[in-house]
Amino acid sequence: MFLEFKKQVTSILRDAIASLGLQTDDLGLEASQHADIASKAAFRLASQARQNPKELAERISEAIILPEDSLIGKITTVGPYINIDANRKYIDETVFRIRQEEAGFGGGFCQGRILLEHTSANPNGPLHVGHIRNSIIGDTLMRVLRRAGYDVETQYYVNDMGRQIAIVSWALSLFGFDSSRKPDHAIADVYIKANAELIANPEKVSEIDSRMQLVEKGDEATIKSFDDAVAFAIKGIRETLQRMNVTHDSFPHESGFIRSGAVSRIVGEIKAIGRTEIDNGALVVDLSDYGFEKTLVIQRSDGTSLYTTRDLAYHEWKGERADRMIDVLGADHKLISGQLKATLNAIGKREPEIVIFEFVSLPEGSMSTRRGKFIPADELLDQIEKQAYAEVDKRRPEMPDEFKKEVARNVGIGAVRYDIVKVSPEKSTVFNWKEALDFEKQGGPFIQYSHARACNILKKAEEEGLWDPSRPIDPSLLVEDTEVDLVKKMASFDSVIDTSARELKPNAIAIYARELAESFNQFYRFVPVINAEDEELRAIRLALVDCARIVLASALDTLGIAAPESM
RNA sequence: GGUCCCGUGGCUUAGCCAGGAUAUAGCAUCGGGCUUCUAACCCGAGGGUCAAGGGUUCAAAUCCCUUCGGGAUCGCCA
């Protein structure tokens, strides 16, 4: 709804400015505490108009002509600012639309097909608290983009032939597989042991190299040993992802691009444009004209491919299947992803949009699967659910155990997802148990609680025979500040989705959801619903609570957080 | 050493790309509020040289340069 309002504001300001014989593309529109929207156009046009911004703002404001039926209300100038408020129709229309569109409200304004890759952690162990930052950013982006209207397919790119996997397959042949453990954890156990073994006996590295050569040549027994190792790890990883409400539509494997011939074909294409040279037996690409001092190795001296080589083929394939490609990658991929894009560009292929997130480290230093220095996501989820269970038990002791467990699961995941997604991806963080398990913050559970509260009011009203969703309503009765603020907050949902989708910033949704919950809670404290003065007022306030329930549920869904009806 | 990201009240953090109206929230601290729709809530208070210095501009948390601090990365790992 806000997007429509903003569009109208843009249009009337453009017309007003044009009518003064001026012209600008930058209206300087911004959300403001002084109005629903504010324009700084007078600053931009002052020199062109040879007039000071304050007087110009007044002239522009006077030249504004409002069309019939617009959503724009009061227009005032304060100094050089033009402040524009929405009118009553904006409020009323928002209420009607939310109830009509329900879960669809606030979205559906974009189109196109997007391939979104995220997580793609090496299948050499379980996801740790760093990996899930990738998963949560990626999954939230998927939800944002889908809500915006895109057709999004998510992919987990499975590395099933790198050095790490060769080590895992070797490790399994050496130490066996402990089937009593969750499979990804069992893989990590032997992987860590194998790495220690290789450090103690460096001559054994040749066994790894030969495995890698065999797999690339297509040796069936070796391929099977790799596949088995990968399948174990991926099975466990998928369980963890599912626990966090993270889903992938497909799991393309790196080896597929070797076997299809796509890798050798793309190497041929790069050679054909004359960018390659042989350096110490390895095939390298010169990207100096793209600003990369160092060349990029795409083939080892023993002829085997590297991650980058296979990734080039993967992106070529993706580019043929979507309008946009988006990759969520850790900060360690900054350089390599730049080189990847440059290489794709050089051979005339589409380039992906890269979302980089900075690392999560431990107080004692960076995490490492190889050295066994990491906190598994499963452990965090176990701890948080345990903590959440204690919280539910404290608040709802009379409820059955099943209820408490269910709420603990939802609240625990909600707390974890919210905590991670609320921080901008470009900030590096240090994992802290005390903070991770703190439920006192206004986070996921705060928003979930607001939703449950809305549900509860409706439920109670229904029990008392006071709630009839089909009853005609009159939104003009919503005149309290907290009511109007709540409606306006809900109206701006589309704008938040739009910004978040365009800038690929999932944290914007987290902030919005918290503000929405806050608006609802303020309304709840200030205005009686079931005990409203008269029937008409009760009906519209119940409808408003219903609207809040709908938008809170949508916001939570966009964050991948469950919206419980009771907690 | 080169390159990239980050540095905002005691702690966590928004805003920075597209410079402008008293810098955003949360946690913690202090004070107030449950006979009323779930208090996982609400209201209020204190607390900030926006790392430091310089520059551009009518105007800088935001743009440019330098320095400091933290993170990432610098060919045959991914």
Side-chain angles (χ1 to χ4, degrees), chain A residues 25-26 28 30 32-34 38 40 42-44 46-47 52-53 78-81 83 120-122 124 159 162-165 279-285 291-302 304-308 311 330-336 338-339 356-359 361 366 370 388 391-392 394-396 411 419 422-430 432 435 438-450 452-461 464 466 503 507-508 510-511 514-515 517-518 521-522 524-532 541-542 545 566-567:
Chain A
D25 289 328
D26 181 11
E30 62 181 8
S32 158
Q33 46 194 317
H34 310 280
K40 295 181 289 195
F43 280 116
R44 306 277 122 53
S47 64
N52 74 58
V78 178
Y81 295 91
N83 290 334
S120 300
N122 266 328
N124 54 6
N159 172 6
R163 177 166 292 273
Q164 284 88 336
I165 305 311
D279 187 353
N280 279 327
L283 186 68
V284 301
V285 189
F292 296 99
E293 284 183 34
K294 306 257 177 142
T295 55
L296 173 69
V297 180
I298 56 170
Q299 212 166 59
R300 293 191 185 92
S301 43
D302 66 3
T304 57
S305 64
L306 290 99
Y307 157 82
T308 321
D311 214 21
D332 52 340
H333 283 69
K334 265 187 234 179
L335 176 62
I336 197 77
Q339 291 171 320
I356 294 286
F357 70 94
E358 293 289 330
F359 273 26
S361 56
S366 59
R370 181 170 45 84
E391 300 284 337
V392 193
K394 193 166 74 194
R395 295 175 163 90
R396 307 293 296 274
V411 165
D419 259 6
K422 74 172 185 197
V423 181
S424 315
E426 66 266 21
K427 274 201 165 121
S428 53
T429 62
V430 177
N432 175 325
E435 269 175 41
D438 181 8
F439 279 87
E440 296 308 307
K441 305 180 285 194
Q442 273 190 11
F446 172 80
I447 304 156
Q448 291 173 305
Y449 189 73
S450 300
R453 170 178 278 159
C455 290
N456 199 55
I457 294 172
L458 296 172
K459 185 171 161 241
K460 184 148 188 179
E464 295 178 18
L466 301 171
E503 300 180 6
N507 56 318
I511 292 158
R514 203 208 66 234
E515 288 174 351
E518 204 165 18
N521 288 340
Q522 284 164 356
Y524 167 85
R525 282 288 163 212
F526 191 73
V527 181
V529 178
I530 291 175
N531 300 319
R541 283 184 184 160
L542 280 168
V545 172
S566 176
M567 59 187 269

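Note that the structure is predicted; figures quoted are calculated from it, not measured. The sequence lines fix the lettering, A, B, ..., with proteins before strands; numbering per chain opens at 1.
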Task: Base versus backbone protein contacts along nucleotides 19-24 of chain B [heavy-atom cut-off under 4.0 Å; B, S, -] - done: -BBB--
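To the nearest whole angstrom, the two P atoms, one in B:G31 and one in B:C64, are 46 Å apart. As rounded to the nearest Å, B:A28 and B:A51 have C1' atoms that lie 23 Å from one another. When the P atom is compared between B:U29 and B:U36, the two are found 27 Å apart, to the nearest whole Å.
Taking 4.0 angstrom as the limit, A:N531 places none of its side-chain polar atoms (N or O) nearer than this to OP1 or OP2 of B:C37. Within the 4.0 Å cut-off from OP1 or OP2 of B:G75, not a single side-chain nitrogen or oxygen of A:R300 is found. Under 4.0 angstrom from either OP1 or OP2 of B:C5 there lies no side-chain N or O belonging to A:K334.
Applying the 3.5 Å distance criterion, the base of B:G75 shares a donor-acceptor pair with the side chain of A:T295. Evaluation of atom-type donor-acceptor distances gives no pair under 3.5 Å for the side chain of A:K441 against the base of B:C27.
With a cut-off of 3.5 Å on both pairing distances, the Watson-Crick or G-U wobble partner of B:U3 is B:A72.
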Open item on the list: Run A:R541 and A:V527 through side-chain contact (heavy atoms from CB on, under 4.5 Å) and show every step you take.
Closed with: CA-CA 9 Å; A:R541 283 184 184 160; A:V527 181; 3.0 Å; yes
Task: Audit row: A:T308, A:Q339, side-chain contact (heavy atoms from CB on, under 4.5 Å) steps and yes/no - done: CA-CA 9 Å; A:T308 321; A:Q339 291 171 320; 5.9 Å; no
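Using a 4.0 Å heavy-atom cutoff across all strands shown, A:L296 reaches no nucleic acid atom at all. Looking at heavy-atom distances under 4.0 Å, A:V430 makes no contact with the nucleic acid at all. At a threshold of 4.0 angstrom between heavy atoms, the contacts of A:V411 include nucleobase atoms, whether or not backbone atoms are also involved.
One can place CG of A:D438 at 9 Å from P of B:C27, the figure rounded to the nearest angstrom. At whole-Å resolution of the value, CG in A:N280 and C1' in B:G75 are 10 Å apart. A:F446 places its CZ atom 13 Å from the P atom of B:A25, with the value rounded to the nearest Å. Rounded to whole Å, the distance from CD on A:E426 to C1' on B:G15 is 11 Å.
Of the candidate nucleotides B:G71, B:U38, B:C77, B:G71 has the atom nearest to the side chain of A:F359. Distances were taken from every side-chain heavy atom of A:S428 (C-beta onward) to each of B:C37, B:A40, B:G71; the shortest belongs to B:G71. Among the nucleotides B:A40, B:U13, B:A78, the one closest to any side-chain atom of A:E391 is B:A40. If you check B:U73, B:G71, B:C42 against the side chain of A:L335, the one that comes closest is B:U73. Distances were taken from every side-chain heavy atom of A:V297 (C-beta onward) to each of B:G26, B:U12, B:C76; the shortest belongs to B:C76.
Closest non-hydrogen pair, A:P445 versus A:F439, comes out as CG-CD2, 3.9 Å.
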